[in-house]
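Working notes, beginning with the structure itself.
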2 protein chains.
Amino acid sequence: MGSERAEPGTIRPGGRTARVRAAVLRAAEDALIEVGFSRLDLTDIARRAGVGKTTVYRRWGTVTRLMADMLLEMAAQSLPRTETGSLLSDMQAHARLVQRTLADPRQGALFKAVIAAAICDSRAAEALHRFYDIRIREWAPCVEQAIERGEIPEGTDPCEVVRAVSAPLYYRLLTTAYPLDEAAADRAAEAAVAAARAGVFRRPLASPSQP
Amino acid sequence: MGSERAEPGTIRPGGRTARVRAAVLRAAEDALIEVGFSRLDLTDIARRAGVGKTTVYRRWGTVTRLMADMLLEMAAQSLPRTETGSLLSDMQAHARLVQRTLADPRQGALFKAVIAAAICDSRAAEALHRFYDIRIREWAPCVEQAIERGEIPEGTDPCEVVRAVSAPLYYRLLTTAYPLDEAAADRAAEAAVAAARAGVFRRPLASPSQP
DNA sequence: CGGTTAACGGGACTACAGACCCGTTAACAA
DNA sequence: TTGTTAACGGGTCTGTAGTCCCGTTAACCG
């Protein structure tokens, strides 16, 4: 993120290196959509990126590490959240965002691929966990405000509510052939809010939400 | 399943073939746990199974098709469901079953792997969808009885309720590093039941639940 | 039983992903 | 600028996953 001073024995993230990284990540994304996760190979990605394959093998080494780096990049681009006055509307907005993202052929394939990568490699898994941690936390304030408004009980774990909205959409994407439509998104939001109102997501004691 | 008559040009699923299939599926499962999905290769599986690698390549051809066959096998072994007198207890039983399965290192790795396979290959995806369709339907009667008892509204889609129980557990498994404990299972069951009581899973009109 | 042939298995062959070597380019400091 | 060296890239080599050929085994039939 920041710019480092370069002393002897120091990395050089400047111009060329950054350009190579961007080209490779973009090429990897393209290749991912075209040939799918399992058929990805670094030689092909290097060719697409117009970069020496030695470079790709030296910097990333494996497909899954490259995917982990893609996740870092994805996490860096933060998305804006809406803030209407009601928890249901906010969670509906979140659900629709997730639904539109996963339903889009390109983005959907990308998300499936990073999940597959996380299953295959622990570093990719770590990167994926960080990514979702960030994304989920971005929506937590909506839930906190709902608590302050008295819509849902004191002590409710905000992140659990936000996850409860996402979960059914991902589950549907991965384990069924049904379309990810707006109705599914709305149901996910309604279900999470109903459960939150019922006090299901209250923390048991004074323990942090993220152990 | 059934036994066929063998006319010229007919398959021979008898003795040896079945034995080979069983040995290969078992070896694939072992290999999966030991080296992980991404490092699976058919030559190694053939060696583990004590079977000619030509056989494995001829019958399955790719890792993902072998995984699809594993899913057929998994779907064939049906599990018993509990039937207490209350929806919450039934859904808690379901949630605990899913939680214990996914939390078990062996089974957890297996389930992650078949999901990864489904992401990589459309045939494996189809097999996975069938598998979950069966598993989810097995628990639907609990929800139907709850409707008859008047616990939840008429017109509730039973499968959607059962999926709502599983979803948060799978989401937690795939996108976080948090442990899949009993508390998570209970929360999943409580959330689904609360949403069902609120009428979130009623079908919009007289349309079938599975389009 | 014996004949037919689906299915298995050993071993040779091939293509190519990934490793390695070493010369070239261009960040960064002075 | 100029020097230093991190990082890039072309070319070559190698291990091995996956294919192919062909002889062997054992299901299934009559």
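None of these values were measured; they are calculated from a predicted model. Scope of the values below: all heavy atoms of this structure, side chains included, with no hydrogens, waters or symmetry mates. Labels below follow one simple rule: chain letters A, B, ... track the order of the sequence lines, proteins then strands, and each chain is numbered from 1.
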What's the [atom1]-[atom2] distance between [X] and [N], to the nearest Å?
X	N	atom1	atom2	value
A/Ile45	C/dA17	CD1	C1'	12 Å
A/Arg58	C/dC20	CZ	P	12 Å
A/Leu40	C/dG18	CG	P	10 Å
B/Arg47	D/dT16	CZ	C1'	11 Å
B/Leu42	D/dT16	CG	P	16 Å

Candidate pair A/Glu83 and A/Gln145, rule side chain to side chain donor-acceptor pair (under 3.5 Å), full reasoning | CA-CA 9 Å; A/Glu83 275 186 33; A/Gln145 285 162 25; 3.1 Å; yes
Classify the side chain of A/Lys53 and the base of D/dG9 as holding, or not holding, a donor-acceptor pair under 3.5 Å.
->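 Per atom types, no contact qualifies.
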Check each of A/Leu128, A/Ile119, A/Leu32 against A/Val114 using the side-chain contact (heavy atoms from CB on, under 4.5 Å) test, and report the only one that passes.
->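 The passing option is A/Leu128.
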From [options], nucleotide with atom closest to [X] side chain:
X	options	value
A/Arg16	C/dG9, D/dA7, C/dA7	D/dA7
B/Arg19	D/dA27, C/dG18, C/dG9	D/dA27
A/Thr17	D/dG11, D/dA7, C/dA17	D/dA7
A/Thr43	D/dA17, C/dC20, C/dG18	C/dG18

Should the heavy atoms of other residues, nucleotides or ligands under 6.0 Å from CZ of A/Arg26 be counted, would the total exceed 12?
->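 12 or below, so no.
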Would one find more than 12 heavy atoms of other residues, nucleotides or ligands at under 6.0 Å from atom CZ of B/Arg123?
->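 Counting other residues, nucleotides and ligands, CZ of B/Arg123 stays at 12 neighbours or fewer.
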Using only side-chain N and O atoms of A/Tyr57, determine if any of them is under 4.0 Å from OP1 or OP2 of C/dG18.
->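 It does, given that an N or O in the side chain of A/Tyr57 lies less than 4.0 Å from OP1 or OP2 of C/dG18.
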Indicate whether OP1 or OP2 belonging to C/dG9 is found under 4.0 Å from a side-chain N or O atom of B/Thr55.
->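 So the side-chain polar atoms of B/Thr55 do come within 4.0 Å of the phosphate oxygens OP1 or OP2 of C/dG9, strictly under.
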Base, sugar-phosphate or nothing for [X]? Non-hydrogen atoms, less than 4.0 Å.
X	answer
A/Arg39	nothing
B/Arg21	nothing
B/Arg59	sugar-phosphate

Can you see which heavy atom on A/Pro80 is nearest to which on A/Trp139, and at what distance?
->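 Here A/Pro80 and A/Trp139 meet closest at O-CZ2, 4.5 Å.
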